[in-house]
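What follows is a set of notes on a single structure, which appears directly below.
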Amino acid sequence: MSIKRTIENGIETFEAELDGERIVWDRGLTYADHLQTDPLLSAQVPMSGKHDEMLFIIMHQTMELWIKLQIHECKQAMAQIRADELPQASRTLDRIATIMQHMIHSWEVLATLSPSEFMTFRGYLGKASGFQSHQYRELEFRLGLKRPELITIHMDDPERTAALEEALAAPSLYDEMLYLLDRRGYEIPKEVIGRDLTKPYESDRTIENAWLEIYSNPQEHWELYALAEKVTSLEYYFQEWRFKHMKTVSRVIGHRHGTGGSAGVKYLVKALELRFFPELWSMRTRMEADKPEGGSHGGGHAEGCPV
């Protein structure tokens, strides 16, 4: 195979024909350099030497990468909402939701790990636990679930503690939504807009009324309605991810305690009750169906699923 060597912009460049294709590369930026594949592929360090630990490590490492991207995109969506760039924000929120859908399916890979296979290396994990994921905690903070006491677990790492404290004190995605409603003239209580952002958000009836007005007349408030549906989809998939996590843990370890000391499955079940955007869910119960023209259909109370 002949290789043609030239100099382009001061960089040695190579050209060859491989599998009938003209391939060009140079001594500048390479695929491995750009993606840092050497450190990436050397970051899997099993503690046990057992075969199935590699699956466990790679599964959680890839999850951390996807969470990193979600945080990156969440910051972008918030900036777009602040700038009233709602179509762009909707597209960014679609990307976050799609990432979450991918993460939901990734649990199926870990679910191939049988209880006996997991037990071959579980004892080597010590007290290491997903509960210690600082990125997951930051993502919760960015979306709107502020629980300051959970920073405690990172107190021995000043850099991570500082990053989490910044995310805790900053407006969340839901805060940006509320600021947007305020700018658009909706009645948003000043005690909500000006509250201590490090404290857990408490649902407010006035905000629920604002979302109810938007959802009751979607054509009149289409931009806000469409954005709210994107945000709702994001939480929908996040909850599905939590559910799939819980079922995977149940399948692999049953109702044992987690490696970090949590109640395991029972703790994950409790997490299913947590909400990022509470009024977007609660107002749905108050929505009323349009009255059919010419009277009611069916003449009575319908039974079965309302959908």
Side-chain angles (χ1 to χ4, degrees), residues 70-97 99-100 136-151 163-239 242 271 273-287:
Q70 284 186 307
I71 293 170
H72 178 73
E73 298 294 344
C74 188
K75 291 177 180 178
Q76 172 81 338
M78 287 190 285
Q80 290 166 333
I81 293 171
R82 280 195 299 273
D84 286 303
E85 298 172 346
L86 302 196
Q88 295 90 330
S90 290
R91 177 167 170 77
T92 304
L93 290 168
D94 276 339
R95 177 176 291 175
I96 300 171
I99 295 167
M100 185 57 68
Y136 176 79
R137 205 61 63 203
E138 180 179 350
L139 181 59
E140 284 192 329
F141 290 174
R142 298 291 180 190
L143 293 177
L145 185 60
K146 302 289 185 76
R147 294 185 288 170
E149 68 277 6
L150 295 179
I151 297 180
L164 287 174
E165 287 176 342
E166 183 276 323
L168 184 70
S172 69
L173 174 61
Y174 196 47
D175 288 318
E176 295 295 349
M177 297 280 284
L178 300 184
Y179 300 159
L180 174 64
L181 292 184
D182 186 57
R183 293 196 301 273
R184 295 291 177 95
Y186 290 88
E187 184 183 351
I188 306 299
K190 297 306 177 186
E191 57 269 26
V192 174
I193 295 293
R195 76 186 191 284
D196 182 351
L197 296 176
T198 66
K199 297 293 192 293
Y201 177 78
E202 295 183 8
S203 184
D204 185 276
R205 184 73 168 187
T206 305
I207 292 172
E208 184 181 289
N209 291 339
W211 287 124
L212 182 61
E213 179 184 341
I214 291 167
Y215 270 73
S216 297
N217 301 281
Q219 295 304 323
E220 295 179 24
H221 313 282
W222 185 258
E223 267 198 332
L224 295 174
Y225 170 80
L227 186 68
E229 278 295 276
K230 300 292 185 182
V231 167
T232 303
S233 292
L234 175 56
E235 179 158 344
Y236 176 85
Y237 291 124
F238 202 104
Q239 289 290 66
R242 281 174 170 156
E273 299 299 321
L274 301 174
R275 293 288 189 195
F276 298 121
F277 322 119
E279 294 93 349
L280 278 173
W281 294 93
S282 60
M283 68 87 193
R284 294 165 196 268
T285 306
R286 295 172 57 198
M287 291 189 68

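All values reported here derive from a predicted model rather than from experimental measurement.
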Exercise for the section: Enter the distance from Leu280:CG to Thr232:OG1 here, rounded to the nearest 0.5 Å. Expected result: 4.5 Å
Exercise for the section: Look up atom CE in Met100 and atom OH in Tyr236, then write down how far apart they are to the nearest 0.5 Å. Expected result: 13.5 Å
Exercise for the section: Please lay out, stage by stage, how Met283 and Ile214 fare under the test side-chain contact (heavy atoms from CB on, under 4.5 Å). Expected result: CA-CA 10 Å; Met283 68 87 193; Ile214 291 167; over 6 Å; no
Problem - Arg82/Asp175 ion pair, N-O < 4.0 Å - result: no
Practice task
Would you indicate whether the side-chain heavy atoms of Lys146 and Tyr174 approach each other to under 4.5 Å?
Solution key: no
Problem - Between Gln76 and Thr92: side-chain donor-acceptor atoms closer than 3.5 Å - result: no
Handout entry: Min side-chain heavy-atom separation Ile99-Arg95 under 4.5 Å
Key = yes
Problem - Full working for side-chain contact (heavy atoms from CB on, under 4.5 Å) between Leu150 and Leu164 - result: CA-CA 10 Å; Leu150 295 179; Leu164 287 174; over 6 Å; no
Practice task
Before giving the answer on side-chain contact (heavy atoms from CB on, under 4.5 Å), spell out for Thr206 and Glu279 the whole-Å C-alpha distance, their side-chain angles and the decisive distance to 0.1 Å.
Solution key: CA-CA 9 Å; Thr206 305; Glu279 294 93 349; over 6 Å; no
Practice task
Look at Glu223 together with Arg184 and state whether they make a salt bridge at an N to O cut-off of under 4.0 Å.
Solution key: yes
Exercise for the section: Would you indicate whether the side-chain heavy atoms of Leu178 and Tyr186 approach each other to under 4.5 Å? Expected result: no
Problem - Ionic contact status for Arg142 with Glu166, cut-off 4.0 Å - result: yes
Exercise for the section: Kindly compute the distance separating CE (Met177) from CD1 (Ile188), expressed to the nearest 0.5 Å. Expected result: 10.5 Å
Completion exercise
Interatomic distance, CD@Glu213 vs OG@Ser216, rounded to 0.5 Å, equals 8.0 Å
Practice task
Without swapping roles, check the side chain of Asn217 against the backbone of Glu220 for a donor-acceptor pair under 3.5 Å.
Solution key: no
Practice task
Assess whether atom CD of Glu202 is packed by more than 12 heavy atoms of other residues, nucleotides or ligands within 6.0 Å.
Solution key: no
Exercise for the section: Decide yes or no for Pro189 and Ile207: does some side-chain heavy atom of the first lie under 4.5 Å from some side-chain heavy atom of the second? Expected result: yes
Problem - Derivation of the side-chain contact (heavy atoms from CB on, under 4.5 Å) call for Leu173 and Ile81 - result: CA-CA 9 Å; Leu173 174 61; Ile81 293 171; 3.8 Å; yes
Exercise for the section: Evaluate the salt bridge (Lys or Arg N to Asp or Glu O under 4.0 Å) criterion for residues Arg286 and Glu208: first the C-alpha distance (whole Å), next the side-chain angles of each, then the deciding distance (0.1 Å), finally the verdict. Expected result: CA-CA 10 Å; Arg286 295 172 57 198; Glu208 184 181 289; 2.6 Å; yes
Problem - Pairing of Lys75 and Glu176 as salt bridge, 4.0 angstrom limit - result: no
Exercise for the section: Go through the side-chain N and O atoms of Glu140 and Tyr136 and say whether any donor and acceptor fall under 3.5 Å apart. Expected result: yes
Problem - Side chains of Asp84 and Leu180 in contact at under 4.5 Å (non-hydrogen atoms) - result: yes
Handout entry: Heavy atoms from other residues, nucleotides or ligands near CD of Glu187 exceed 12 (cutoff 6.0 Å)
Key = no
Completion exercise
Between Leu143 and Phe277 the two heavy atoms that sit nearest each other are O-CE2, 3.3 Å
Problem - Residue pair Phe238 / Leu139, side-chain heavy-atom distance below 4.5 Å - result: yes
Handout entry: Inter-residue atom distance Gln88.CD - Gln80.CD, 0.5 Å rounding
Key = 6.0 Å
Exercise for the section: Report the C-alpha separation of Glu149 and Arg137 in whole Å, then their side-chain angles, then the decisive distance to 0.1 Å, and conclude whether the salt bridge (Lys or Arg N to Asp or Glu O under 4.0 Å) test is met. Expected result: CA-CA 11 Å; Glu149 68 277 6; Arg137 205 61 63 203; over 6 Å; no
Problem - Ala170 to Leu197 - nearest heavy-atom pair and separation - result: C-CD1, 3.9 Å
Exercise for the section: Check the side chains of Gln239 and Arg242 for a donor-acceptor pair under 3.5 angstrom, ignoring hydrogens and angles. Expected result: yes
Exercise for the section: Could you check whether the rings of Tyr215 and Trp211 sit parallel, tilted or perpendicular, using 30° and 60° as the cut-offs? Expected result: perpendicular
Problem - Distance (rounded to the nearest 0.5 Å) between Ser172 OG and Leu145 CG - result: 9.5 Å
Practice task
Considering non-hydrogen atoms only, spot the tightest contact between Gln70 and Ile96 and give its length.
Solution key: NE2-O, 3.5 Å
Handout entry: Side chain proximity check, Glu235 to Leu274, heavy atoms < 4.5 angstrom
Key = no
